[in-house]
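Values in this document were obtained by computation on a predicted structure and should not be read as measured data. The analysis underlying the following values was restricted to heavy atoms, covering all of them including side chains, and did not include hydrogens, waters or symmetry mates. Below, chain A is the first sequence line, B the second, and so on; all start at residue 1.
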Amino acid sequence: MSDSSDDIPFFGDDLPAATPARPAPRSAGGGIAARALAASNAARQASQPQAQYLSGLNPEQSDAVESIEGPVLVLAGAGTGKTRVLTTRIAHILNLGLAFPSQILAVTFTNKAAREMKERIGVLVGNTVEGMPWLGTFHSIGVKLLRRHAELAGLRSDFTILDTDDVVRLVKQLIQAEGIDDKRWPARQFAQMIDGWKNKGYAPADIPEGDSRGFANGKGRALFAAYQARLQTLNACDFGDLLCHPIRIFRAHADVLKEYQRKFRFILVDEYQDTNSAQYMWLRLLAQRPAPERPNICCVGDDDQSIYGWRGADVENILRFEKDFPGAKVIKLERNYRSTEHILGAAAHLIAHNEGRLGKTLFTEQSDPEHAKVQVHAGWDSEEEARAIGETIEQLQRPDRNGKRHDLNDMAILVRASFQMREFEERFVTLGLNYRVIGGPRFYERQEIRDAMAFFRVVSQPADDLAFERIVNVPKRGLGDATIRQLHDHARGRGVPMLDAARDLVATDELKPKARKSLTDVVEMFTRWQAMMETTPGHELAETILDESGYTEMWQNDRAADAPTRLENLKELVQTISTFESLRAFLEHVALVMDTENNPDLDAVSIMTLHSAKGLEFETVFLPGWEEGLFPHQRALDEGGRSGLEEERRLAYVGLTRAKRNCHIWFVSNRRIHGLWQSTLPSRFLDELPEAHIEVAEADGSYGGYGGRGQSGGPYGASRFDRAEPFSGNYETPGWKRAQANKSDATRDNWGTRSGPSVERIAYGESGPRGRTIDGELVARSATDTPSAFSLGDRVFHMKFGNGNISAIDGNKLTIDFDRAGQKRVLDGFVSRV
DNA sequence: AGGCATCCCGTTTTT
DNA sequence: CGGGATGCCT
């Protein structure tokens, strides 16, 4: 321990109170209160060197940090220092010696939030944070509990955690086994229903009759039960179970519950507005204290930022906190440190249209006549929207008179639906503008990674039939449907895992000789690898498995353009495994942490959905697509009614409050949806913005006839945006009126004449294994604007497709015969001469 | 077993 | 329009 923190107890999770310098109280809770008061007074009276972390907090924040006893709800508006309060509060508890680090339960929703919290607590209290084993996501803490008490849920402690994909495949098998038409009753839909039930903490017996009837003519409950039974034989659980099993264990085993109630002296919950019913039950069980004591639970959240209702989050949890935890103290944080008065003014006015709020109004002291109002832009169509935003970004990024430039990292485009991203990506590719897509398909979702993981899973947990089935015939071993079915039946008949069934079957002559031989090999391989498990380091074992199974070879022989990338990914996977203690530890990590870091060194514009923007902030934010049907989204309105609309409005609120200084809202008259051009109406949310804080900007002339950028000299040329003239004030501008008028007579005629970036799409659409380029660095720099830079027959190199020869030239569009990837049409900016 | 045609569907997403 | 899944045909 460092000496600066010698007054902070640091002990392992299960160490008994071995007389720390300042022992944490083990006595009844009444003592805690007294001690808390005494200690906090002492801390205040001493010239408080150790309470330095408290200085710099505003009065409400201090209140939230220091109200240690009893239930507390902190209503923390956007940008009001929520994380700071949470982390300081933990530091405070530790500093006062009220609990060991291991006695604090701190839950977040995402791994990212947990990581961040850990870092920030580390800054405050030093290494002590390492002793906080119960700081994590609901799910990671759930796993921890469940591994300890697995047998009480009918599992072994080495159970597998299935991801959504596995669940759907499993459900599909069950639906088919029941003889139900899986066309009419899709597995995906049922998997979602199961998820919904588990969000409410339901077991099959608990589900409402109507729900059961609602699927496959009343087979809902039976299927759910069959699913649970199947999970048990697989020694597996899904994400919902990570919460539901502990809840059931706590309810059925009072002694276990008591152990944890005693253990967790302080409970802190981040993003409380996002909790679902199961999480609420889980928390309430753990927070409960015997009579005179009060739950030491502190929930931090913002009802105005509740945007996950559709996946089971229940805003009611935060709205009725005071009822659930009588005598709760409610503290509002409304002083905003992030945004300008205009952004806050716009956001506040908008969100005030919602009913059923707890009611907060953000305010700021940083107001300045220089601050830009929120800009509202009208455009003709989504192409213009992307083009204009691209130009604004280039303009901002260009050094100004003082040589200062706006980092791309400080800009973001926040969309309602991910299909909107494409237009921006295409635009930015042509401009050579770095961008970053947050939340695209992830590393661990790629085919080759999932295959590899399936091998590892079977080795580590032989009952994992889902994984076994995935790879038993990978690479192709001549084990077709017939053999698999036979294996499956045998396994089900005997109630053993498929790998065991395979072991049995190859000893008989039930299989065709060829299948028998292949399957024998498979069984032998797995037996060998399993034996290596205890002795071989994870990454070595992983490499052995991938080599011996022929999986690596399979990709080496694959002529597909992306095969080398896949091999790279596999290499990276093995590399990652080497940073883990064992293959098992790695598997656990992957099951819970699906995110991949992106490259922070790259200066790039972020493109993401409004949902994934929650919790982030940017200097400049672009909010495109504010049109009826898209935002608010039609389906939210259809399925959610009034509350659906309110959730959409909160989403708009989240979007606005991400901006620190500049916010640009866009809406267009024509948007392509499902391949059809549709004319659209401006979003009702636009009318809910206060005129005092917005400015309707109009770009002069048309944005059509884009071209000749290179001729105007300089890498970025003259921007048409230079001519854009903002109109001050209100909606009574020509631009606005024209946009309103346009909405009805918009036709798709003008479309054909505009040159779309369709060629880029070819190049772009085939990039990467699953389509999306994650960091802009994979994207080629802009075209040099000299179409004639290449000539027929030139030998060129392309980042995705490799080497090839030019077989045709059409302006800056080249047709190239690639050695490996075949013939493609690409923009010349994507290739270089070899 | 693999390749091509056809059909269907099409928010938001974490763990 | 375009991706994914399914199904039929070779």
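- The side chain of A:Ser612 has B:dT13 as its nearest neighbour among B:dT11, B:dT13, B:dT15.
- Checked against B:dT13, B:dT15, B:dA1, the side chain of A:Trp310 finds its nearest nucleotide in B:dT13.
- Rounding to whole angstrom units, NE2 of residue A:His611 and C1' of B:dT11 are separated by 8 Å.
- Rounded to an integer number of Å, the gap from A:Glu628 CD to B:dT11 C1' is 15 Å.
- If you check every strand for non-hydrogen atoms under 4.0 Å, A:Leu479 touches sugar and phosphate atoms only.
- By the side chain to side chain donor-acceptor pair (under 3.5 Å) test, A:Ser157 pairs with no residue at all, sequence neighbours left out.
- In the set B:dT15, B:dT11, B:dA1, the nucleotide with an atom closest to the side chain of A:Ala636 is B:dT11.
- Using a cut-off of 4.0 Å between Lys/Arg side-chain N and Asp/Glu carboxylate O, A:Arg671 and A:Glu385 are scored as salt-bridged.
- Figure legend: A:Arg311 and A:Tyr308 shown as a cation-pi pair, the cationic atom lying under 6.0 angstrom from the six-membered ring centre and within 45 degrees of its axis.
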Which donor-acceptor pairs under 3.5 Å do the side chains of residues 185-195 of chain A make with protein atoms, sequence neighbours left out?
none

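- The nucleotide whose nearest atom lies closest to any side-chain atom of A:Arg416 is, among B:dT13, B:dT15, B:dT12, B:dT12.
- Distance CZ (A:Arg671) to C1' (C:dC1): 16 Å, rounded to an integer number of Å.
- Residue-level contact check: A:Glu648 touches the bases, meaning some heavy atom is under 4.0 Å from a base atom.
- By the criterion of a centre-to-centre distance under 5.5 Å and near-parallel planes under 30°, the ring of A:His139 forms no stack with the base of B:dT15.
- Counting only heavy atoms from C-beta on, A:Thr164 has its side chain closest to B:dT15 among B:dG10, B:dT12, B:dT15.
- Rounded to an integer number of Å, the gap from A:Leu651 CG to B:dT12 P is 11 Å.
- Across B:dG2, B:dT13, B:dT11, the shortest atom-to-atom separation from the side chain of A:Lys476 is found for B:dG2.
- Note on A:Asp241: nothing from the nucleic acid sits closer than 4.0 angstrom, heavy atoms only.
- For A:Thr137, counting side-chain heavy atoms from C-beta on, the closest listed nucleotide (B:dT15, B:dT13, B:dT11) is B:dT15.
- With sequence neighbours left out, the salt bridge (Lys or Arg N to Asp or Glu O under 4.0 Å) criterion links A:Arg470 to A:Asp451.
- Comparing atom distances between the A:Ser418 side chain and each of B:dT12, B:dT15, B:dT13 picks out B:dT12 as nearest.
- Put simply, CZ on A:Phe631 is 11 Å from C1' on B:dT12, counting in whole angstrom units.
- Every side chain to side chain contact (heavy atoms under 4.5 Å, CB included) that A:Glu648 has, sequence neighbours left out, goes to A:Arg416, A:Phe631, A:Pro632, A:His633, A:Ala636, A:Leu651, A:Phe685.
- Not one side-chain nitrogen or oxygen of A:Asn111 sits closer than 4.0 Å to the OP1 or OP2 atom of B:dT14.
- With A:Trp282 as the partner, the ring-ring contact (aromatic ring centres under 6.0 Å, His included) test is satisfied by one option alone out of A:Phe250, A:Tyr260, A:Phe138: A:Phe138.
- Within 4.0 Å (heavy atoms only), A:Gly240 reaches no atom of the nucleic acid at all.
- OP1 or OP2 of B:dA1 sits under 4.0 Å from a side-chain N or O of A:Asn473.
- In textbook terms, a nucleotide whose glycosidic angle is within 90° of 0 is syn, and B:dT11 is one such case.
- A straight line from NE2 of A:His674 to P of C:dG3 spans 15 Å, rounded to a whole angstrom.
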Check nucleotides 5-10 of chain C against the protein and report each pair of N or O atoms closer than 3.5 Å, with its distance, or say if there are none.
{"residue": "C:dT6", "atom": "OP1", "partner": "A:Lys172", "partner atom": "NZ", "Å": "2.0"}

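- With both ends at atom P, the span from C:dG4 to B:dT11 equals 14 Å, rounded to whole Å.
- Among residues two or more places apart in sequence or in another chain, the side chain to side chain contact (heavy atoms under 4.5 Å, CB included) test is passed with A:Glu647 by A:Trp310, A:Arg650.
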